[in-house]
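Notes follow the structure.
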Amino acid sequence: MSDIPNGLFSIDELENVQITIGKIVGAIEQKAKEEGVEVGPTPKPGISALRDWDYKLLSRYKPVYTPVCDQCCYCTFGKCDLTGNKEGACGINMEAHQARETLLRVITGAAAHSGHGRHILHHLIGLYGRDKPIDVGPSNLLAPNTQAVTGIRPETLGDLEEVMDYVEEQLTQLLATIHAGQEGAAIDFESKILHGGMLDHVGMEVSDIAQISCMGMPKSDPEAPLVEIGMGCIDSSKPVLVVIGHNVAGVTNIMDYIQDHGLEDKMELAGLCCTAIDMTRYQTDRGGKPHAKVIGTLAKELKMIRSGVPDVIVVDEQCVRADVLDEAKKLSIPVITTNEKIMYGLRNRSADRPQDIIDDLSSFKEPGALILDFDVLGQVAPELTLKMSKIRDEMGIKALPSDEDLKELSTKCVMCAACEMDCPDNLPIMEAMKAGVDGDFSKFEYLHDKCIACGRCDQACPKDIPILNMIEQASQKLIREEKGLMRAGRGQISDPEIREEGVNLVLGTTPGIIAMVGCSNYPDGTKDLYRVADEMLKRNYIVVISGCSAMDLGMYKDEDGETLYEKYPAKFLAGNLINVGSCVSNSHITGTAIKVAAIFAQRQVSGNYEEIADYITNRIGAVGVAWGAYSQKASSIASGCNRLGIPVVVGPHGSKYRRALIGKPYNEEDWKVYDARDGSEMPIPSSPEFLLTTAESIEELLPMLAKNCIRPSDNNMGRMIKLTHYMELSQKYLGHMPADWYKFVRTETDLPLAKREDLLKILEKDHGWEIDWKRKKILSGPSMKSDVSAQPTNVKRLCKGEC
Amino acid sequence: MVDTTKNTQIYSTWGRKMAKPVNPNVAGKVISKAKRPLLVVGSEILMDEKLVEKTISIAKKGIPVAATGHSITALMNKGIDAKYINVHSLATFLGDAKWGGLDGQGSYDTILFLGHKKYYLDQVLSGLKNFTDLKTLAIERHFMQNATLSFGNLRPEVHLDALDEFIDNI
């Protein structure tokens, strides 16, 4: 290979000729060699490079398809009815089409994160240059996903560009396979889904490590500040600027302007969705206080707008309602769009004088503006907010119906049930209307937390009753009390933290990591999250949280008035609660698992994805929970976890993702791996039982979490702890001992100490196991041996003597 | 006699193969004729004690119960054959000839559903409709278009009456 480096050089003999070397074949390997780092077999894997690994996963965890629509309408051959797994005109059958539909969602999500990543990287390179070092805290493994996948060990912002080039190229290749007349096998669409999920975590990682490095965000900081959260924490007597979206790039200019001009106490700056989380991380790494408040998730978006409290709304990208401009216009709230992904048909004012924009918007000549120049945005948004506050006060804008109106509106209801049928959760709206006729609005109040504020009820009502507004008005007391605290996102788990806790995770003495991620499409309100997290934290699981879940968790307090963020510390240790940050910070959750393999187990990480994934699959008891998953991004995040062998449970709405990956515990041949010491086959417990599935209620979810943290590598103490939690949670929430508990017992020391004798009796009586009662030892019965020295692997080439 | 076939408005999945609306007496006879029926009960029964009572009455006709979600908490020690299972897993296993069933006695031929979230069951039934030959019967409050046979959309009080009639006809 040539020794010519990347970059610019001139040839003396050729005057005025300059040649730019972009990328050199083998450059990753060359750089790694110079740094003394070994690169694995798959740096920058293409679509087929990890296919064998995917097939291994998919042979145990079979795709389960539940179509949302029985037809395919992709091309003009159709519509084709695929019911009953029929083939359409192009030859694709229902299974393959469902896998294709899932792939489309996964790469849409991955593209949203990666598009965000490219945007913010471009923005930050413009501000700080390509040589700006990556600084994410006290770690050497700065970008675990990036390094495991691409083999690149990025050190500067410029290094991340090549990573994004790879992700974007692969996403384009995956998108191409969705076209009619391309892939025809469901199993290979499935492999592509896992590939898309893996890419997503790289794209997310680039986004977050770039912004952490440049924007003064907490760097693996367990003491990241606590932030006010909730609709009730907004002081509506002040001018209110509300920001919605996920990309904080332009918003930081607004924050700087507010601070530079001493406006912090004169106005409220608050956010919805992940931009809000990242606003609270901005410039807090050196003890700075957060300069913004968090209103909440997507489920608060329409409620917040319709409250009439915002004086100006700024949107960037992702999870922003498509009707923000229409809704805001009704209440004379100007809207500023700041990102090419959302422009709402507004005129581009990026090159205009700030004062001209302020004049036009405050006089309602135009309902809003597209501003892509962040310096202009930084000035316009706060100044316009100050001005609009006075104007809107003088206009006496009435946003919600009065209590008197509520009664009158209730009488308009004809009890046709259209609202209830259209409501995603079939909430009992008619009951609230019936009570409302008599002036009892408590049943509207009951709906407040359960309602995800989608507004479909309003659209369905033949009498044009503003149902959502009625719920909001009736819940004003509750809304005023919605005040909580959230710990600002701390970013990665650092290398020293992994060194301290890795052994406990692999042996099972820390019972597992519960990663609560995802959106706000809950089946039964926000408090379920609190209940799940509190239960698992009490049981010493590490609870890692991000995005919308991180926000909603901060809304509830215990009997002492403390939120879980105040109650539990935020180190990477058993019984700690860690908010990694916004949606793109989800990459730090998979990054943590990769770090355990790389740092604790000393596995080679660069370009060595399969071995890392194999290690995680067999040894790290982690389960993801996306209880309110609604978005395409949630499906790509889950798929990225799945390729690493990390199972994910979604709430019942997640069934509409139309595909799950579920194992069959009764197929014994599916639950075998190799022992890497000699290549022999060894049976393993049927856990995780799935890679992606749904649960119906949190009472069902809780024992599922404990059970699916069990791994082959658990030592006896670890298995005993995990089994104890599985049994106790089943008894507590399902009222009985789980039917399959004995299948996880290898030896008597796996049994919970306090119940050992009773359980031995059950094993003897119900399952025919042979017990030596003098020594209280199991003589025969278990299908697995307890051997802590065993090296479980799904990959034959990793066995001794195979290489 | 309760007419449970009138309102079959669909609010979710779309496809050409639709459930036939069925009246309670016919539904009862379908179950009576089944060789190996299974009643799949969801957590929504816990919202209404009367639904729990109806569930137990159906099970006492000798129909084994797959209790999904946390519905098992209302069905233990009631003299019925109820076992917990996750509904997504159950739907997967139901289509697998190798699965021995909840009791090891082999696969089922007719699956009866009660007490589920509409949107969730709709997905479960979609999988069964498209990838198995099982006969499915939804005796829910809502029309489940992906079932083989389904009650239409009903008001809660009409639904309870319909269940009584269904039980009388098993």
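Values in this document were obtained by computation on a predicted structure and should not be read as measured data. Order of the sequence lines sets the chain letters (A, B, ...), proteins ahead of strands, with each chain counted from 1.
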Looking only at non-hydrogen atoms, find the nearest pair between [X] and [Y] and report the distance.
| X | Y | answer |
| --- | --- | --- |
| Gly663(A) | Phe93(B) | O-CE2, 3.6 Å |
| Asn130(B) | Gly84(A) | OD1-N, 2.9 Å |
| Ser126(B) | Pro67(A) | OG-O, 2.6 Å |
| Glu700(A) | Val87(B) | OE2-N, 4.5 Å |
| Tyr120(B) | Ser655(A) | CD1-OG, 3.5 Å |
| Gln123(B) | Arg658(A) | NE2-CA, 4.4 Å |

Option that, when pairs with chain B are counted at under 4.5 Å, heavy atom only, ranks first among [options]:
| options | answer |
| --- | --- |
| Asp425(A), Asn667(A), Ile662(A) | Ile662(A) |
| Leu701(A), Leu82(A), Thr693(A), Thr83(A) | Thr83(A) |
| His653(A), Gln98(A), Lys62(A) | His653(A) |
| Pro665(A), Ser697(A), Gly735(A) | Ser697(A) |

Should the ring pair His736(A) and Tyr84(B) be called parallel, tilted or perpendicular, given that the plane angle runs from 0 to 90° and is split at 30 and 60?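 His736(A) and Tyr84(B): tilted rings.
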Separation between [atom1] of [X] and [atom2] of [Y], rounded to the nearest 0.5 Å:
| X | Y | atom1 | atom2 | value |
| --- | --- | --- | --- | --- |
| Ser730(A) | His70(B) | OG | NE2 | 14.0 Å |
| Leu734(A) | Met76(B) | CG | CE | 8.0 Å |
| Thr66(A) | Asp122(B) | OG1 | CG | 9.5 Å |
| Lys117(B) | Asp524(A) | NZ | CG | 6.0 Å |
| Asn85(A) | Thr132(B) | CG | OG1 | 11.5 Å |
| Lys118(B) | Glu420(A) | NZ | CD | 10.0 Å |

Taking everything shown except [X] itself, do over 12 heavy atoms lie less than 6.0 Å from its [atom1]?
| X | atom1 | answer |
| --- | --- | --- |
| Met47(B) | CE | no |
| Lys86(A) | NZ | yes |
| Phe77(A) | CZ | no |
| Glu668(A) | CD | no |
| Lys83(B) | NZ | yes |
| Lys78(B) | NZ | yes |
| Asn77(B) | CG | no |

Contacting region of [X] [heavy-atom separation from chain B under 4.5 Å]:
| X | answer |
| --- | --- |
| Asn426(A) | side chain |
| Pro424(A) | backbone |
| Glu95(A) | both |
| Ile698(A) | neither |

Checking heavy atoms, do the side chain of [X], its backbone, both or neither come under 4.5 Å from chain A?
| X | result |
| --- | --- |
| Phe131(B) | side chain |
| Leu121(B) | neither |
| Asp133(B) | neither |

- request: Evaluate side-chain contact (heavy atoms from CB on, under 4.5 Å) for Asp96(B) paired with Lys664(A), printing each intermediate quantity in order.
  value: CA-CA 10 Å; Asp96(B) 181 359; Lys664(A) 293 176 178 170; 3.1 Å; yes
- [ ] Measure from the side-chain N and O atoms of Glu696(A) to the backbone N and O of Gly42(B), and report whether any donor-acceptor pair falls under 3.5 Å.
- [x]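 Flag not set: sc Glu696(A) to bb Gly42(B) has no pair under 3.5 Å.
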Does the Lys NZ or Arg CZ of Lys98(B) fall within the cation-pi geometry relative to Tyr666(A) - under 6.0 Å from the ring centre and within 45° of the axis?
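No, cation not above the ring by the 6.0 Å, 45° rule.
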- Message: Could you go through Val64(A) and His88(B), starting from their C-alpha distance and side-chain angles, then the distance that decides it, and tell me whether this counts as side-chain contact (heavy atoms from CB on, under 4.5 Å)?
- Response: CA-CA 9 Å; Val64(A) 177; His88(B) 218 138; 4.3 Å; yes
Pair Lys17(B) + Asp70(A): basic N to acidic O under 4.0 Å
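Not counted as a salt bridge, because no side-chain N and carboxylate O are separated by less than 4.0 Å.
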Is any side-chain heavy atom of Asn86(B) less than 4.5 Å from a side-chain heavy atom of Met704(A)?
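Heavy-atom side-chain distance check passes, below 4.5 Å.
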